[in-house]
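Model, not experiment: these values are computed from the prediction. The chains referred to below are lettered A, B, ... by the order of the sequence lines, with proteins before strands, and numbering in each begins at 1.
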Amino acid sequence: MSEIPRYLREGYLSVEELKRYIGLPSEERLRQRPVAVPECPQEIPCTPCAEICPTNAILMEHPNATPKVDYEKCIGCSLCVQICPGLAFFMIHYVGDKARVTLPHEILPVPNVGEEVVLLNRVGEEVGKGKVVTVVPREKSRGDTPIVTVEVPLELAWDVRAIKVVRE
Amino acid sequence: MSEEKKIIICRCNDVTLEEIEALIDQGITDIETIKRLLRIGMGPCQGRTCLPMVISIIARKTGKSPEEIKLPATRTPVRPVPAGVLVGEMNEE
Amino acid sequence: MRLTEHPILNFEKIRKREVTIYFEGQPIKAYEGETIAMALHAAGIRTLQHSINKHRPRGLFCAIGKCSSCLMKVNGIPNVRTCITLVEDGMQIERQEEKPALPKTTKPPKWKEPQRIEADVVVIGGGPAGMMAAINASEAGARVVLLDENPMLGGQLVKQTHKFFGKREQFAGVRGIKIAEILQEELKKRNVEVFLETSAIMLLQDGEEKLVVGVRKNKELIEFKGKTVVVATGAMERMIPFEGNDLPGVYGAGAIQTLMNTYGVKPGDRVLIVGAGNVGLILAYQLYQAGVKVEAIVEAMPKIGGYFVHAAKVRRLGIPILTRHTILRAEGKEKVERAVVAQLDENWNVIPGTEKVFEVDVIALAVGLRPSIELLHQAGCQIKYVPELGGHVVIRDSRMETTIKGIFVAGDSAGIEEATTAMLEGKIAGIAAALSAGVASPEWLKEIEKAQKELDEFRSGPFGRKVLEGLKKVVIQ
Amino acid sequence: MKSKADVVVIGGGSTGTSIAYYLAKLGVDVVLVEKSYLGSGSTFRCATGIRQQFTDEANIKLMKYSVEKWKTLSEELEYDINFKQTGYLFLATTEEEVEAFKQNIKLHNKFGVPTRLITPEEAKEIVPPLNADEFLAGQWNPTDGKANPFKTVFAFARKAKELGAEIYEYTEVTDIIVENNETKGVKTNRGTIKADAVVNAANAWAPIINEMAGLDKEFIPIKPYKHQLVKTEPLKEGQIEPLVCPPAWNDSYLLQDGEDGGVLCGTGLEYGPTYDMTPTYDFLREVLKWATRIIPALKYAHVIRQWAGFYAKTPDSNPAIGKINYIDGLYIAAGFSGHGFMMAPAVGEAMAELIVKGKSKVPLDWEWYDPHRFERGELRSTAFQIG
């Protein structure tokens, strides 16, 4: 029983596991422009990300393989984030002392650009507030899933994976 | 056994886990006999909800594997149908 | 309480004209297109009957007409399945507190020969497998008729708001409800005659052909004659034994999806989900989307059963997943008010003192599905108990033909798997049924082989291993 | 499994288990073998009815005695078999039938069976949802009744085992050991059991057992005919408690199950001879056509189940009960043509006493039911049969 990976017991990837199983882009690449990072460690029969990537940056040996992103080839267009059935793709972009996290948001309400939203970490704990930088609404999203880019403190770039929109 | 303690297995006839296990303890382990004595799977759902549970209870109590326990026959009609509909026209008042 | 706004769904097409039904004499608002049980639930009515022997309160459980928990007296007629019977203006609904008396009448019914529909292939079940079978059989040249006992086509698809996995040509990245619409369009393009609200009650050999006896709207007998039949009757939520498991408020996960995603009715306020397989995880996310609080998901196994990505989706919304936990009992007067869970040790025994109480009004059972094989079993098809495929399934060949020549099976009724595989099996069964009916040319065999290859590929990953083990026990050459 | 006993009973239905019980009660070392589960032949498929209303002296007297036994059986077996005297109500649709009813009633009363002629209005009081206008008169006996077949077989078997009998299910007889015209025991799929006496209580399969003993299959020409039943969902008790039957309407009948109130409906549509037990669509519609004409309100009741069972019929629909003269130690109680369950208590006691003492005080007319009557071409008057 012990060989069950921690993320399958807990239901979420720790940052350490993200590094071990997925591998992170270099800081230099993270500074250039947004880059797609797949939090998809499990072999499941699913290929839409590889099929939609305009620069073939997402490699899959066979339909059950885990997606491997060639961070250099990735142009940060966020189509993979929009199409992913598992809502498991995110984009990260370091800008100054902030990080911009692009995440799928299939919850109402969808925030507006400039709105301040509550940042949630991988287990849904509130870890601060962040400003919404861009929003791809449902109609424009290739996967019918709204995409939100939110600004977070640099040190939370690898923790914030969801947001909560709170309006009085 | 307080009223509250009952675990319902067959919802159509309110047959509990305790009643099934008691019968098995008396040596009655054939699903066809258990089904008829306790009236399991004889209600409107015809055993859809309860028979799989009964099979696993018998398997657990007797050590038999579920494969060895034959699923009781499925009889027509496989959905409840008003008798008048089967005759033809309900001929409402 | 009806949902009005939803991130994915809009409920206008369900809520047609507003009507009034009467529950124990009290007027209740409802919409044409809703079923009785859904309208009652929206009005806050959870207890639909008291059981005939021990007068225990009972409410919705499966919501797809397969169990017996929603039986009520409608317009004087006892034991009507209110979860699949559409509302009509002025309907009188009464709870059954004991075994019903026969209504008063003096007029016997009239003998009438039922309507008879002739076709090459009769498809029973209009979910993903059934629709694909009908589309492909008709494409291959067969006259096809399709019947489904629900008021709408799509089976489970119409409740699946998430996007599908698999490859692009298998609708990957498309939402389940959208796939249902696409398939329905395809059906319309080919003149496949569709009979909704029609339950198949018998499947018989009739000389060289098959006879499917159907009942429409619980009012009218219809005989469907076909050279071959495809049974795609899907699956049903498994029930597990725990104290209070028959209380109103304990639902199969599918029932909650029906309430919430098909009819836009809020299931409740606080939910405990039992089972962290794909169904339980997806349901948790869907509940959050509908604004319903999910207190926790409990899973007896030491790990997540479904796809990890579905788990991560809900963890980052703050929904805890308690592995190595199970439900001990549901408590409440007349309906669920609390759920008591406890931790399990390695050999599945409850660890004393680890009991936890959740204040919930809904308990969703997502502990696995069981193939619905009644028609196949009744028709004499050989069956076998295969745990990897969800329970008793029929023996069949690689073209989905059962041990009774001319009877084919596809989708969850052949073995619990994904909608993607259900559609591929539907395609295979539909074409094979057309071939067996002698109306399709042999070059359609290529299409079958293509679908078989796609199935093998889909099942080649770790998640497919269990299914492949199961299939070895039931697929004969 | 025991390899030796005084008597081996073949067949685990109501007849077999009753014989085994009464033999054990007389201190006999008895073994019963059943090829499937107890009651799986005809008993668990029957319509639960128990009646004295026949048209011949032998059956009336036997059944009068049997009903007396049914009344105390729960006590005797220390298990509630749910016997209820809710009566049988035959209904006439023509004047000729009314006349025939009057004759029957005279015969019944002669042997102490309190049948009487009643008006349609009285019939409606007894069965409120009855379509009384269609009938001219009723042949009503309140002392007929019904019981739970499952509990009856279980109770007989349980008490028999308590008294020392052995009962083996899923044990199929493959041969009868006969040496110089004497039974020596039986061979089964689980071994051989030596015994001085063998009782053939295999009903529809009785001819096959006879053949194993070296007799001609047609010596006692029992043929299995497929009869069927449908059942509705559970309904409130007290609506159709008696068995109601207008014989002219193709022997159709119906009654509420004494256990859950669901209405059992049968009709005379018969298939066979055949061992096939598949229920038919034609029957499902035909039986309900009659049932909803007898009780119109039944049109609203949901039918939830349909099944088939045997009438193991002899040419005169009377069973073959007694000794087989050609083979010492071979007995038979089979061919009950749909009446086995109701006769079981009386037949069980009679057969046990016959085997142990060579005669019995049970008012069973051994001449009427003589198994050898067929080879002598002496048929009895056909037993009054319904459904």
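- If you take CG on C/Asp246 and CD1 on B/Ile8, they are separated by 5.0 Å, rounding to the nearest 0.5 Å.
- Residue-environment remark: NZ (C/Lys335) stays at or below the threshold of 12 foreign heavy atoms within 6.0 Å.
- We find that B/Lys6 and C/Glu243 are not joined by a salt bridge, their nearest charged nitrogen and carboxylate oxygen being 4.0 Å or further apart.
- The part of C/Lys219 that comes within reach of chain B is its backbone (N, CA, C, O), which places non-hydrogen atoms under 4.5 angstrom from that chain.
- When all heavy atoms of B/Val78 and C/Ala200 are compared, the closest pair comes out as CG2-O, 3.2 Å.
- Heavy atoms of C/Arg329 lying under 4.5 Å from chain B are absent altogether.
- Contact annotation for C/Met236: only side-chain heavy atoms (C-beta onward) come within less than 4.5 Å of a heavy atom of chain B.
- Chain C forms the most heavy-atom pairs under 4.5 Å with one residue out of B/Lys70, B/Met53, B/Arg75, and that residue is B/Met53.
- Counting only distance, with no hydrogens or angles, the side chain of C/Arg370 and the backbone of B/Arg48 share a donor-acceptor pair below 3.5 Å.
- Neither the backbone nor the side chain of C/Leu204 has a heavy atom closer than 4.5 Å to any heavy atom of chain B.
- For a residue to count as touching a neighbouring chain, one of its non-hydrogen atoms must lie under 4.5 Å from one of that chain's; by this rule B/Ile9 touches chain C with the side chain only.
- Looking at heavy atoms from C-beta onward, B/Pro82 lies in side-chain contact with C/Asn218 at the 4.5 angstrom threshold.
- In terms of heavy-atom pairs under 4.5 Å with chain B, the best-connected choice from C/Arg81, C/Lys112, C/Lys110, C/Glu220 is C/Lys110.
- The pair B/Glu67-C/Lys384 fails the salt-bridge criterion, with no side-chain N (NZ, NE, NH1 or NH2) lying under 4.0 Å from an Asp/Glu carboxylate O.
- In this structure, CG in C/Asn245 is found 10.5 Å from OG1 in B/Thr49, a value given to the nearest 0.5 Å.
- Heavy-atom pairs under 4.5 Å with chain C peak, among B/Pro52, B/Gly84, B/Pro44, at B/Pro52.
- A salt bridge does not link B/Arg79 to C/Glu197: none of the charged nitrogens lies less than 4.0 Å from a carboxylate oxygen.
- Heavy atoms closer than 4.5 Å to chain B are found in the side chain of C/Pro387, but not in its backbone.
- The closest side-chain heavy-atom distance from C/Ile373 to B/Leu71 is below 4.5 Å.
- Most heavy-atom pairs under 4.5 Å with chain B: of the set C/His377, C/His392, C/Glu113, this distinction falls to C/His377.
- Proximity to chain B is limited to the side chain of C/Ser199, based on heavy atoms less than 4.5 angstrom apart.
- Within the 4.5 Å cutoff, the side chain of C/Ile201 has heavy atoms near those of the B/Leu86 side chain.
- In summary, the side chains of C/Ser69 and B/Arg11 do present a donor paired with an acceptor at a separation below 3.5 Å, with no hydrogens or angles considered.
- Distance CD/C/Glu374 to SG/B/Cys45: 9.5 Å, rounded to 0.5 Å.
- Heavy atoms closer than 4.5 Å to chain B are found in the side chain of C/Leu71, but not in its backbone.
- Heavy atoms closer than 4.5 Å to chain B are found in both the backbone and the side chain of C/Pro241.
- Distance check: C/Thr105 OG1 to B/Met90 CE gives 9.0 Å after rounding to the nearest 0.5 Å.
- Proximity to chain B is limited to the side chain of C/Glu149, based on heavy atoms less than 4.5 angstrom apart.
- Side chain of B/Asn91 to main chain of C/Lys107: no donor-acceptor pair is present (N/O by atom type, distance under 3.5 Å, no hydrogens or angles).
- Per-residue heavy-atom pair counts under 4.5 Å with chain C were compared for B/Ile57, B/Leu17, B/Asn13, and the maximum is reached by B/Asn13.
- Remark: B/Thr76 OG1 to C/Met202 CE distance equals 3.5 Å, nearest 0.5 Å.
- C/Tyr385 contributes atom OH, which lies 7.5 Å from atom CD1 of B/Ile55 (distance to the nearest 0.5 angstrom).
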